[in-house]
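For reference, the structure discussed in these notes is given below.
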Protein chains: 2
Amino acid sequence: MNNHVRELRGDQGWSQADLAERLDVSRQTVNAIETGKYDPSLPLAFKIAALFGRPIESIFDPGA
Amino acid sequence: MNNHVRELRGDQGWSQADLAERLDVSRQTVNAIETGKYDPSLPLAFKIAALFGRPIESIFDPGA
DNA sequence: GCGTCATGTCAAGCAGACTTTACATGACGC
DNA sequence: GCGTCATGTAAAGTCTGCTTGACATGACGC
């Protein structure tokens with residue numbers, strides 16, 4: 001599952017640690033999501049979407 | 001996390017088993033999601049949204 | 001009464017999401 | 001050269017998502 005978290009985070013000038021703190025998850029979790037190691041849970045996806053003020057569908061792309 | 005899966009499924013006249021087959025998951029998984037035992041994964045949430053032709057945000061409600 | 005269908009639920013197991021701790025690297029300023 | 005910051009990655013542990021198989025119930029038609 002592709003996503004645009006890294007770009008959106010960059011637009012805000014945040015480090016992975018900054019974003020992790022705002023999402024209340026670990027820095028490794030943010031890194032894993034950005035590098036595509038695994039997908040976030042649905043609740044975390046909602047948090048991410050809310051933080052960036054965009055719909056989930058515009059951030060995450062199921063691709064196939 | 002509240003959701004409207006049961007109503008949407010009812011609108012289509014599908015049983016839990018019918019929906020499970022269309023989503024390619026087990027009947028127990030559909031039942032668990034409808035009864036709020038746990039939330040679907042992000043990929044499964046995308047599948048559900050696509051099947052009903054609605055955005056994820058209109059089906060799942062993070063509540064808090 | 002009996003068979004069937006839809007739903008609910010349980011148990012055991014595997015895979016995925018997330019944690020903490022820790023170490024390695026490259027870029028930067030001093 | 002040295003400290004610091006951002007990022008990547010790894011191991012081990014916990015909890016959640018999802019599986020199969022099975023059993024119980026209530027509603028329905030015959």
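Throughout, protein chains are lettered first and strands after them, A, B, ... in sequence-line order, and every chain is numbered starting at 1.
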Counting C-beta onward and ignoring hydrogens, is there a side-chain heavy-atom pair between B/S58 and B/F52 closer than 4.5 Å? no

Length of the line joining A/Y38:OH and D/dT16:C1', which is rounded to integer Å: 13 Å

Side chains of B/I56 and A/L42, heavy atoms from C-beta outward: is any pair under 4.5 Å? yes

Categorize B/S41 for me: base, sugar-phosphate, or nothing, with a 4.0 angstrom heavy-atom threshold over every strand shown. sugar-phosphate

Side chain to side chain, A/I48 and A/N3, heavy atoms closer than 4.5 Å: no

Just wondering, do A/F46 and B/M1 contact through their side chains at under 4.5 Å, heavy atoms? yes

Can you check nucleotides 4-6 of chain D for protein contacts, nitrogen or oxygen pairs under 3.5 Å, and list what you find?
none

Rounded to whole Å, the CG-C1' distance (B/D24 to D/dT20) equals 15 Å

Do any pairs count as a salt bridge (charged side-chain N to carboxylate O under 4.0 Å, His left out) and have a residue in residues 37-58 of chain A, sequence neighbours left out, and if so which ones? none

Applied to residues 8-32 of chain A, the salt bridge (charged side-chain N to carboxylate O under 4.0 Å, His left out) test, sequence neighbours excluded, yields A/R9-A/E34

On a heavy-atom basis, which atom in B/A49 and which in B/P55 lie closest, and how many Å separate them? CB-C, 4.3 Å

Within a strict 4.5 Å, meaning less than it, do heavy atoms of the B/V25 and B/I33 side chains meet? no

Using a cut-off of strictly less than 4.0 Å, decide whether A/S26 has a side-chain nitrogen or oxygen near OP1 or OP2 of C/dT20. no

Non-hydrogen side-chain atoms of A/T29 and A/L23 separated by less than 4.5 Å: no

A/Q12: partners by side chain to side chain donor-acceptor pair (under 3.5 Å), with sequence neighbours left out: none

Hey, what are the protein-to-nucleotides 9-12 of chain C N/O distances that come in under 3.5 Å?
none

One should report the stems of DNA chain D, each a stretch of at least three consecutive Watson-Crick or G-U pairs at distances under 3.5 Å, as C:1-30 with D:1-30

